[in-house]
Amino acid sequence: MHSSPGGPPRSVIDLESGMAFGCDYNPEQWDQRVWLEDVAAMKQAGVNFVAINIFGWSHLEPRQGEYNFTNLDAIIELLHANGISINLGTATASPPPWLTTTFPEVLPTVEDGTRRYPGGRQAFCPSSPIYRHHAALLVEQVAQRYGSHPAVALWHVSNEIGCHNAHCHCEGSAAAFRGWLKRRYGTLEALNTAWGTDFWSQRVSDWKEIFTPRLTLSSRNPGQSMDFRRFSSDELRSNYRLEAEIIRRHSTIPVTTNFMVTTHIRNMDYFTWTADMDIIANDHYLDHRLGDPTTELSFAADLTRGLANNAPWILMEHSTGAVNWQPHNVAKAPGEMMRNSLAHVARGADGVCFFQWRASLQGSEKFHSALMPHAGQDSALWREVVELGATVASLAEVAGSRVESSVAFVFSWESWWAADAETRPSAAINYLEQAHAIYAAVQATGTTVTMVAPGAELSGFKLVIVPTLYMVSDDHAAQINNYVHNGGHAIVTFYSGIVDEDDRVRTGGYPGAFREMLGIRTEEFCPLLPGQQLELSDGRTSSLWSERTTLQGADAVVSYVDGPNPGGPAVTVNGFGQGQAWYVGTVLDSDALLHLVSGALEGAAVAPVAPEATAELEMVRRSHPGGSYLFVINHGRQEQQLVAAGHEILTQTDISQTLTVPAGAVRVIREEVRP
Amino acid sequence: MHSSPGGPPRSVIDLESGMAFGCDYNPEQWDQRVWLEDVAAMKQAGVNFVAINIFGWSHLEPRQGEYNFTNLDAIIELLHANGISINLGTATASPPPWLTTTFPEVLPTVEDGTRRYPGGRQAFCPSSPIYRHHAALLVEQVAQRYGSHPAVALWHVSNEIGCHNAHCHCEGSAAAFRGWLKRRYGTLEALNTAWGTDFWSQRVSDWKEIFTPRLTLSSRNPGQSMDFRRFSSDELRSNYRLEAEIIRRHSTIPVTTNFMVTTHIRNMDYFTWTADMDIIANDHYLDHRLGDPTTELSFAADLTRGLANNAPWILMEHSTGAVNWQPHNVAKAPGEMMRNSLAHVARGADGVCFFQWRASLQGSEKFHSALMPHAGQDSALWREVVELGATVASLAEVAGSRVESSVAFVFSWESWWAADAETRPSAAINYLEQAHAIYAAVQATGTTVTMVAPGAELSGFKLVIVPTLYMVSDDHAAQINNYVHNGGHAIVTFYSGIVDEDDRVRTGGYPGAFREMLGIRTEEFCPLLPGQQLELSDGRTSSLWSERTTLQGADAVVSYVDGPNPGGPAVTVNGFGQGQAWYVGTVLDSDALLHLVSGALEGAAVAPVAPEATAELEMVRRSHPGGSYLFVINHGRQEQQLVAAGHEILTQTDISQTLTVPAGAVRVIREEVRP
Amino acid sequence: MHSSPGGPPRSVIDLESGMAFGCDYNPEQWDQRVWLEDVAAMKQAGVNFVAINIFGWSHLEPRQGEYNFTNLDAIIELLHANGISINLGTATASPPPWLTTTFPEVLPTVEDGTRRYPGGRQAFCPSSPIYRHHAALLVEQVAQRYGSHPAVALWHVSNEIGCHNAHCHCEGSAAAFRGWLKRRYGTLEALNTAWGTDFWSQRVSDWKEIFTPRLTLSSRNPGQSMDFRRFSSDELRSNYRLEAEIIRRHSTIPVTTNFMVTTHIRNMDYFTWTADMDIIANDHYLDHRLGDPTTELSFAADLTRGLANNAPWILMEHSTGAVNWQPHNVAKAPGEMMRNSLAHVARGADGVCFFQWRASLQGSEKFHSALMPHAGQDSALWREVVELGATVASLAEVAGSRVESSVAFVFSWESWWAADAETRPSAAINYLEQAHAIYAAVQATGTTVTMVAPGAELSGFKLVIVPTLYMVSDDHAAQINNYVHNGGHAIVTFYSGIVDEDDRVRTGGYPGAFREMLGIRTEEFCPLLPGQQLELSDGRTSSLWSERTTLQGADAVVSYVDGPNPGGPAVTVNGFGQGQAWYVGTVLDSDALLHLVSGALEGAAVAPVAPEATAELEMVRRSHPGGSYLFVINHGRQEQQLVAAGHEILTQTDISQTLTVPAGAVRVIREEVRP
């Protein structure tokens, strides 16, 4: 991981300019004549960092063992000659047609036992030794050839690892899964215990009886499913490691891959990946299937920052406009690309990159937006790109600074997987929705959070938010309980602390792991039917979920007026040791949730970034020992005013008392006095 | 089948107490320390009947041919020592992993030709000779070992047979299907005629050309599909028979299996199974995907009673609270478990059992409710269980009595299968919905029905209800027609009498089999579009279905005001011989249907159980030669009063004139005067 | 293709009566006794043209190589003896069970690699050499035996070719696809260029690396998908050709097959098929899943006429009432069969035929309506059939006449396939919906269009309508541009002219191919979210789609008030050379679209068929050198009046000034003065 001990803050990657600005570039798709136009336009736009060779395999090795680096050499020299740094791909993301034609066993198998075929990308089994062998041969060639090239600033291993092929059920995957389980459990007895195979006569008596959780006629064993998710994440990570180790034998340039911390991707437990990354990089796309895609962007940026252990990171891909893979691919409004880009920077990004440089003319992503649209340079979009490039360059001094926060937000891929299981008390349980909901409430108060994994050190925080932490080990639960006991504050939402790491229910009343801390005891879950709405004692409402809870020391903050448990507590607060713990036992409407969160923040003496911050006026501060930067993003349709003093970088204006932020605008203030 | 000729009424199973109260118990999942706590708590709750060894195969035979009965011996002795009778499973419901690993051909194949895999339960082809061979070896061991054990009161063959694996399309199933067809038809010519293979060039010229109805590009042959349903039901029954025959060689204890007469299960034609059962047992779960799950409970209980030929039966499974397999698993309200349990008893159950004793900590059903919840004995649910146990015990005297009714309700799995076929006049045709609708109307009048199979003797009934009896043989149709001709009354709803047992349309006008009896003739079906509503002459409405019908002697009771056939008859009544027959040619709204049914009941001089009965105040009478019991279940939110005289068993109160039933309460009156 | 140079107009097929009236007849399903009844009833109904032997294979060849023509001989002689002409099927549509049992490799394979099975129809791979071999042997027999039979008026090759089995992914199909690609591209380099394989590392280095576009984990290569669609259409056509060539060696009787120009069928590019047809025949069924199935009938009839190059054609199948394969199979209202039938005749049909003669008693289509319903001859439907037969006979003089129109409507199966691709800017892009929408607007003005393929000669038209012509070659685009430049008028709707025939985007601003002609330039597509509605400057609204468009010479006719591009043009008009071109950049509401179309028609001096024509009063004129016929179809619930002079054929009335058309009625006027 990147760190900056002692010295002045520096950008997460070593570029002449502090901030990276760039894109994926796929010169394979274009005539060499176009390359020259491209480089000239890149310089016009301020592009200083370009990812190449992402999908190069079928060019570099058109036939098994025949390598051809002519074009890649040429493009690298061209970029180098023009002072553009390179984010060099290993080209393994999409195997060439000859590989899967020669070795069909490389193809992935889905849960009904049928294969998936070439024609898209990632058409390989992550555990395939044949895929790995041929990928390693290629990476060896690439790393050897370019490992010391002065233009290369970063290694980009594969691409969006696990985006499509995270779960393979072929025979080879089953064998690899068995190996992984042997390493995890040692004995079959331990595995039988962990999976609870005494249920439904599933006791395994030989390792060969174990398979991946292929499709069954009834519901599947949750332990098997959970371990398969862990295994799959580990297999994908080991693909990364295989390439990174080869590269590191030939090169001292930092190595990473582009994570996908973005709403619809959940198959990689990135907390277990970060140790293998020299820097953290992320791809993020607005998802217009969500009610509030903009807040999800902030969520994802904060989670990426959490993965970077709060150090700066790189936004490796986002889009200048519409993507092509959603049902309705909404274009960005004027100014939205600027707002999106700087929201990432505000939350720790030291670089703003895009997929991709020039819109493709063919292929399944030809209608994905790019820096250079189909319409060409005579376009509003291109002019916005040029403006953004200049803006990013003007923020060079921000690079290396960090976002500080006094609120921790516990995020857990394991709970996501386990809580959203095949059978559960209610389909309304949706880990990410619950996490998004409480994040949005915190965000609306102008408070920035730090995302942490279960088990993280919490002592530096004033408040910890624990949304739907269904699966939590005894140790990790104790850490939260101890934190509160020692004076911390916590908000825990329903379906937390229910099971241990083997998905084994804690008995005696829910939420087992946090019952004492919360001072409550739930005897029974009472999921609601779709459309059912409960009235609460404060006049607000809730839906989807409720519980039969009794107070065991806690106070009821809000109670149910009707529903399955009239008079019973819906929201509680409990003094525990020196601290205080809130429990939310239902899905509060957004107003009720905001009210609750505001109260808890106030109780924990957490101050917002600035008093003017709202859900629409996003404000985040980055700082370093020598100063601080206040990012102000006006998502609304009204101009806003705030008290500020310092220098506004985008408009190059000194501010003494008040800053006016026009509707839709972004401002970044180099603050005079560190607050 | 159980019968009680002559002697005093006795319970359907031979227990010290007249009423069974119990549960599935899976001691495999628990430490032996827990077993002792369990048995103590069972006694506290009044549990006298426990099902064990349901999913024991992987414990009893952890490796092929290695048997281990140590734990099962121990638990049987423990229960026996504590006076708890045993419902002993044969452990074949879920084969152990070694079986399908060693013999993958045992795995089931679905209609697209892909297999389904282990990891859930019932992962086997019902026709597999290998499965049957190994199951038989195990049952031989179990039956031999425990066939005369004094604690065993009942044999429980397999579990919920056909719940998931009813239809297998593997090569073995195809071969078995061919054998079944040879036995049914004898010649290919007869098969070609029955299946109508002259349509679409499907004429078969060799038995080997016949397969199960795997997925096609267009719609399938309905005759083939229908016979595959019959075959599949028979194959599952033959699995039962195989085990029952082995048991009976070693034991004189009664043998049964738990039926699933419950809304979403339809693959077994249980009318053809009952002759092989020593007693009838059923599993029932409220389905909150239905509009009215409570009435469906009564429907299922009455259908189970019908399967028992009106003798008492056993409720083998239901739930204390939420299940885990519906999208939103609603908990039971206080008192609801009592109401559900006694509704089953009211309709003939001589035992009230549950899945399961203690809530599992792992596995895919860990959030299924149990008698002992995760919260433990300090819980409202446990206290309700103890109360229910006492109540059931207090009803011992009811055991062996019967429900009498003067209304027959013709239920047909074959019509269910055939009416809901792949292609049909309208997707709105849904056999079970139509059966539920008219059942609910009858129920709302306080009238109890007796469910019968097509072809049943009807002479003892005042009215017969024939909902959507799409497929009916000439003989069975004649029986209904003759019944009416001889003075009976009938209500027939649309899409009845259309085809014979080969799914061959009767010509000359619908509904072919009942046209003369009904005195009408339908020239054309006129399904309606979703959302379309028709106005009727009495101001009520109908939807989904209508017909171009002419009167051929019948009177129009209600006519269409608009729609495809304005002025045409929607509901008719016809005098036929000495009797009277009503026809309902559309989907009446519930008010209109209630009005129709009330009139028909009145016309047939059918009296309700009690004049106070309503849709919300459920009233059923069980009786025996020496007396009668009136069950009163108040499903409403208001207390109700009724005229009664006798002894109320639950409150141990003598009643002289009036009984008040609080909201949500159940009362059972030992009546003074047999009404 | 049929043509009538010089001589008097004659019917498209050579029947004694000018108009064919008939049906499919499946005597295999009936006793020979019934045949005699059938022929008598056919004569009563005026049936003069009967299709037989459509699904005869399993009868004609019950075992491989054993032929039996006894029954077919008999039915042909019976029909002949009764003066009924025969539309003789080749019986290859549905292979007999023995074929796929003996040769399972004949079975079709779907995109996940699983097979589909016998039990329906068309269970074969269109590229299967084994299927083709056995089909050819059968056709040889049939053609030889009946090739000169005097009763045979037409050859009916196979049936609804490609209805279910258009796309097969078996190994044999992959091999055939490779052959087709070699013929299309010659070199791998050309194929790589056409498919844009430089995207996602898909460069092919050997022909054997090419497969059909089976299911992938991500989205597929659009070039591969497009060519597979072209290939599949060609393979199906080559099945037709194989049979037609055999027939032509033995017979001079015209040969055709029944197209399916009807809403839900899109896999055959019939424009490439017509050269192989001696006459054009179509099957059409009302689809009640559409908002306006009646207008779709007119659309399909006009498209069929376009395929016939504006010559008369035959309606080979439609229905007397409900079909059986829609979710809700709506019956026809009284008079609707007459209106449907004569709408086809009005738009060029010289024959009105049905599926099928007598409603089947068994099989998956037994609830499909027929001329002889299950209810028999004593039915309103039969009486309507007899009336229709007489009416069709009375229109004999119309046969051979043509529909003239001054408006061309460009329809393109290739654009349909390519525009509705797997990934696209918006799922709201639905080629057929957009084509239907503007067709309905034109229809509502009382204007008849002529459907043409891209590249058709346009000089004779006053206006050309170009809906969503997403994929268009440079040549075909130039033809439209030149047409306008030379004085023509055009309406182009959004997502037209975007890509060339390789699905390669034209750069510089959309819509590339028509930018100059339209005088506009779109920089970016702005799809809308579902439910989003935009306000327009004229007070009307639009939805689903919008664009960031700038005027490059055109005038804005309507602008956006709100949405992604407020103030930007939504509808434009541009003078280009001597002509004028309109652009519609959004999905206008129906009122706005009607307004636009009316203005454009007026601008192009296009007059309606008659001033009284409306959306509900459909009016079409057929004419020949000697006279003309005005068809008037009153779809409304009010009687209508119009100015007319001539002889009304259905009522046999002379009209001098005014004709009253009752609600629901059809009238056909032999006009006195050719307008």
Side-chain angles (χ1 to χ4, degrees), chain A residues 26 28-30 54-59 62-63 66 91 93-98 100-102 108 110 112 114-123 163-165 288 321-322 324-331 333 359-369 373-376 378-381, chain C residues 111-114 169 193-206 208-225 421-428 499 502-510 512 521-530 532 544 548 564:
Chain A
N26 294 293
E28 301 86 354
Q29 297 175 27
W30 308 98
I54 307 303
F55 291 105
W57 195 341
S58 78
H59 283 83
R63 278 169 210 81
E66 291 181 26
S94 216
W98 61 257
T100 47
T101 304
T102 313
V110 298
D112 70 358
T114 62
R115 279 187 175 159
R116 288 300 171 269
Y117 302 94
R121 62 180 203 174
Q122 289 188 350
C163 184
H164 309 284
N165 66 344
H288 286 277
N324 66 302
W325 41 263
Q326 293 176 18
H328 304 88
N329 296 290
V330 174
S360 295
L361 304 187
Q362 296 179 280
S364 77
E365 294 200 318
K366 61 180 169 294
F367 291 112
H368 193 295
S369 60
H374 288 148
D378 179 12
S379 62
L381 194 146
Chain C
E111 62 177 7
D112 70 359
T114 62
H169 294 266
T193 301
W195 285 11
T197 56
D198 291 328
F199 183 79
W200 281 356
S201 183
Q202 299 175 346
R203 183 161 279 271
V204 172
S205 62
D206 192 302
K208 73 171 189 250
E209 296 167 12
I210 298 171
F211 296 88
T212 61
R214 283 186 170 192
L215 204 54
T216 54
L217 291 172
S218 67
S219 53
R220 279 167 274 204
N221 180 301
Q224 178 192 22
S225 295
E422 202 171 13
T423 65
R424 45 185 155 158
S426 171
V499 298
D502 290 340
D503 204 15
R504 185 185 292 107
V505 174
R506 293 186 173 90
T507 56
Y510 313 118
R521 179 166 173 268
T522 289
E523 290 182 21
E524 199 172 6
F525 297 140
C526 300
L528 306 177
L529 291 173
Q532 198 179 348
L544 293 171
R548 290 214 169 92

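Proteins come first, then strands; the chains are lettered A, B, ... in the order of their sequence lines, and each starts at number 1.
- For the residue pair A/G120 and C/T216, the shortest heavy atom distance occurs at N-CG2, 3.6 Å.
- Without hydrogens or angle criteria, C/S201 side chain to A/S58 main chain gives a donor-acceptor distance under 3.5 Å.
- Under the 3.5 Å distance criterion, the side-chain polar atoms of C/S205 are matched with a main-chain donor or acceptor of A/P62.
- With a 4.5 angstrom heavy-atom cutoff, C/R424 touches chain A only via backbone atoms.
- With hydrogens and angles disregarded, a donor-acceptor distance shorter than 3.5 Å links the side chain of C/S218 to the backbone of A/R121.
- Taking C/Q202 as the reference, C/T197, C/W200, C/N221 meet the side chain to side chain contact (heavy atoms under 4.5 Å, CB included) condition, with sequence neighbours excluded.
- Among the candidates A/Q29, A/R116, A/R63, the residue making the largest number of heavy-atom pairs closer than 4.5 Å to chain C is A/R116.
- You'll find the side chain of C/F525 reaches within 4.5 Å of the side chain of A/F367, heavy atoms only.
- Listed by chain and number, the residues in a side chain to side chain contact (heavy atoms under 4.5 Å, CB included) with C/E523 are A/A375, A/S379, A/A380, A/R383, C/R521, C/T550 (sequence neighbours excluded).
- Taking the six-membered ring where the residue is Trp, C/Y510 and A/H374 present perpendicular rings, their angle passing 60° and hence far from 30°.
- No option in C/T193, C/D198, C/V499, C/D502 other than C/D502 meets the side chain to side chain contact (heavy atoms under 4.5 Å, CB included) test with A/Q362.
- In this structure, A/S364 and C/E422 have side chains that are not in contact, with every pair of non-hydrogen atoms separated by 4.5 Å or more.
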